[in-house]
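A quick write-up on the structure given underneath.
First the proteins, then the strands, lettered A, B, ... as listed; each starts at 1.
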There are 2 protein chains.
Amino acid sequence: MTDDVLPDLAGPIEVVGAGLIGTSVGLVCRRLGLDVILRDTSAENLRTAHGLGAGRAPLPGDRPQLVVVAVPPVAIADAIVDALGRTDAVVTDVGSVKAAPLAAVAARASAVDLRRYVGSHPMAGSERSGPLAASAALFDGRPWAVTPHEGADPRAVGLVEALVLECGASPRVMSPAEHDRAVARISHLPHLAAVLVAGRLVTAPEEHLALSGQGVRDVTRVAASDPALWRQILEANSTAVLDLLAEVRSDLDELMSAVAADTGADLVEILARGNAGTQAIPGKHGGPARPTRSVFVSVPDHPGELARLFGDAGEIGVNIEDVRIDHDPGRPVGLTELVVDRSSAEHLLAALESRGWTTHR
Amino acid sequence: MTDDVLPDLAGPIEVVGAGLIGTSVGLVCRRLGLDVILRDTSAENLRTAHGLGAGRAPLPGDRPQLVVVAVPPVAIADAIVDALGRTDAVVTDVGSVKAAPLAAVAARASAVDLRRYVGSHPMAGSERSGPLAASAALFDGRPWAVTPHEGADPRAVGLVEALVLECGASPRVMSPAEHDRAVARISHLPHLAAVLVAGRLVTAPEEHLALSGQGVRDVTRVAASDPALWRQILEANSTAVLDLLAEVRSDLDELMSAVAADTGADLVEILARGNAGTQAIPGKHGGPARPTRSVFVSVPDHPGELARLFGDAGEIGVNIEDVRIDHDPGRPVGLTELVVDRSSAEHLLAALESRGWTTHR
């Protein structure tokens, strides 16, 4: 649906599950002046979310326009069915897999009720949890998948898209099955790769770990997430995840043959394919990745130095696309990497150098 | 050897190979007032390195104290043998695998000459190349492995350690074989994991890629390196790499069984092991990772905003350990993640909020 025919998000919005996502949705909607009703089985979560200004307690006679189900994966289907039965609202959920919960809901809700259900999934906030981590800014600039089943009412789809836009996110409409294949590829597989690599570090000798650099940190970072939550996610998406893991195991066999072989051609091809894959990831504004360059600056490791660097960069007027601070074991000086648009790099380098920074390309 | 008995790095230092590493070593040594001789088969590299102030051309009668071989992997053994024959200097190389080049050198050099060879490997500068990327700051705070063979002269080992310290790096002495196992684990395996995940993105539908978040970016970042160089590295370390890949393939089979099984216990255990692995990576100053927390700030995506944020953070006086700028496809507002010492997080949050920033935990 285009913007000018999207239904008006007027509220009340009912949030079921006052965790990170639910409370953040509540905060956005309250900021818009909408009436937000909060439900949660934990009195403490409710108290916290209320206290943050994310919404109010339910009252008799409440008639929500939209219910947002934001409970842990194992509870999602039940909560959706309950909301469909309890209200005449459009119901969405924010779970990170869509097909399995849909099937569970479809088995229990009437066809008429099911028309009001439109699943969705904001790509935001993976490592943090709980209402205290919530923010009205959580979804800014994020993709948010909207995954209607074939029988969904188009006006219900439109209302969920309207919520997504009000939250500052970009709606991406796709089928539940396509969504699950997508997240298997761009979220679950990377997560499992990180877990496998990190798993090889647990019993590593200290002298191996001492050589760690930015590479292993980048690759393993996402493995620091909650195992219990990820178990639920992976089990709910086991088909798509196993399909992809089977492809990767086949790629791994090909890789091992290539490393073991005398000729290097196969190995170069595999490495080049990896190269090409990094170029496939979209850039900041949804288009192809704009060519960037990295500018490296030596920064002493104490408060104020980084601020001074960014202050200078700001004065110079070059937009910073990404930043990485190298923090290897060793002495308290590190390299800060500023990723900027390729055309700005030389200018930034020269300007930083003239301000006394030790830089290099 | 302890600091007070390390030989004095007096020079001249001869650098063979005026690429990123060689030129950077030259720059450090020139800054120390040492005489640096540069050699390279490419007249252009030499010209550039000279121009940067990294050293001078060879002269008859030159007698280097230390030769640093910094040529591409395939040329390393030849260059080491040549330097041992041509000079009476201590000879080191900076290649990223140590056992295979050592074996090639040992097969051709006399036992007496071999005593002067001590391999090493600075963990620095992976994605950039060429003399223009060089800097005297390249090695600041980095680990630098020093890998003497059993017959190496202790004074030669000490001289290489002295070079490492003068470059601002932390020497880590270990055997060549142990080094190769170490880098297989903390560098080559992560690289290959990134390549395998990125390889699955090349033919991905656009709607899959559109949901990309920070996780897949982090995991695949290192796959953007030079395929030809990495082929050489992996082939030179094929034994250690294949051993580790075999372990990972076994882990992958275990993971696939766990995902497919009804009980979740095995899967949680694997995920928890990944968790533990991320904690094994050393922190900034070589000790165990200090507990950190992430503070998230909504930052509009144009020049000056980031500087303003860091300026405020600097005034507040909290040291920033790491920074990540989320730049997903979508609207031009993103979340900047500031990683700080856990005890400072609440203070930083409150102080930023009082300065008008939209923050969350």
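Side-chain atoms of A/Ser24 and A/Phe139, non-hydrogen and from C-beta on, do get closer than 4.5 Å to each other. In this structure, the side chains of B/Val195 and A/Arg273 stay at 4.5 Å or more apart for every pair of heavy atoms. The shortest distance between side-chain heavy atoms of B/Phe296 and B/Thr336 does not fall below 4.5 Å. Between B/Arg142 and B/Pro122 the shortest side-chain heavy-atom distance does not fall below 4.5 Å.
Per-residue heavy-atom pair counts under 4.5 Å with chain B were compared for A/Ala272, A/Ala184, A/Pro190, and the maximum is reached by A/Pro190. When the candidates A/Val183, A/Leu244, A/Asp253 are compared by the number of heavy-atom contacts under 4.5 Å with chain B, A/Asp253 comes out ahead. Note on B/Thr220, B/Val216, B/Leu189, B/Ile186: by heavy-atom pairs under 4.5 Å with chain A, the leading option is B/Ile186. Considering only heavy-atom pairs separated by less than 4.5 Å from chain B, the leading option among A/Val248, A/Asp312, A/Val197 is A/Val197. Comparing B/Glu247, B/Gln232, B/Arg185 by heavy-atom pairs within less than 4.5 Å of chain A, the highest count is held by B/Arg185. Ranked by heavy-atom pairs shorter than 4.5 Å toward chain B, the options A/Gly215, A/Ala228, A/Pro227, A/Gly274 are led by A/Pro227. Highest contact tally toward chain B, considering only A/Val202, A/Asn275, A/Leu201, is held by A/Asn275 [criterion: heavy-atom pairs under 4.5 Å]. The candidate from B/Val241, B/Ile316, B/Leu192 with the greatest count of non-hydrogen atom pairs under 4.5 Å with chain A is B/Leu192. Of all the listed residues (A/His121, A/Glu235, A/Glu178), the one sharing the greatest number of non-hydrogen pairs under 4.5 Å with chain B is A/Glu178.
Both the backbone and the side chain of A/Ile270 come within less than 4.5 Å of a heavy atom in chain B. Looking at A/Ala246, the atoms closer than 4.5 Å to chain B (heavy atoms on both sides) sit in the backbone and in the side chain alike. Residue A/Leu245 touches chain B through both its backbone and its side chain, counting heavy-atom pairs closer than 4.5 Å. Proximity to chain B is absent for every atom of A/Val339, based on heavy atoms less than 4.5 angstrom apart. Using a 4.5 Å cut-off between heavy atoms, A/Leu234 contacts chain B through both its backbone and its side chain. Neither the backbone nor the side chain of A/Glu254 comes within contact range of chain B; no heavy atoms are under 4.5 Å apart. A/Thr358 touches chain B through its side chain: at least one heavy atom from C-beta onward sits under 4.5 Å away, while N, CA, C and O do not.
With values rounded to the nearest 0.5 angstrom, B/Leu138 atom CG is found 10.0 Å from A/Ser298 atom OG.
Contact check on B/Glu206 versus A/Arg172 returns a salt bridge, with a Lys/Arg side-chain nitrogen under 4.0 Å from an Asp/Glu carboxylate oxygen. The pair B/Asp251-A/Arg200 meets the salt-bridge criterion, since a charged nitrogen lies less than 4.0 angstrom from a carboxylate oxygen.
For the residue pair A/His179/B/Glu207, the side-chain donor-acceptor check at 3.5 Å is not satisfied.
Ring-centre distance between A/Trp230 and A/His191: below the 6.0 Å cut-off.
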task = Apply salt bridge (charged side-chain N to carboxylate O under 4.0 Å, His left out) to the pair A/Asp218 and B/Arg217, showing each step before the final yes or no.
result = CA-CA 9 Å; A/Asp218 283 347; B/Arg217 288 193 172 87; over 6 Å; no
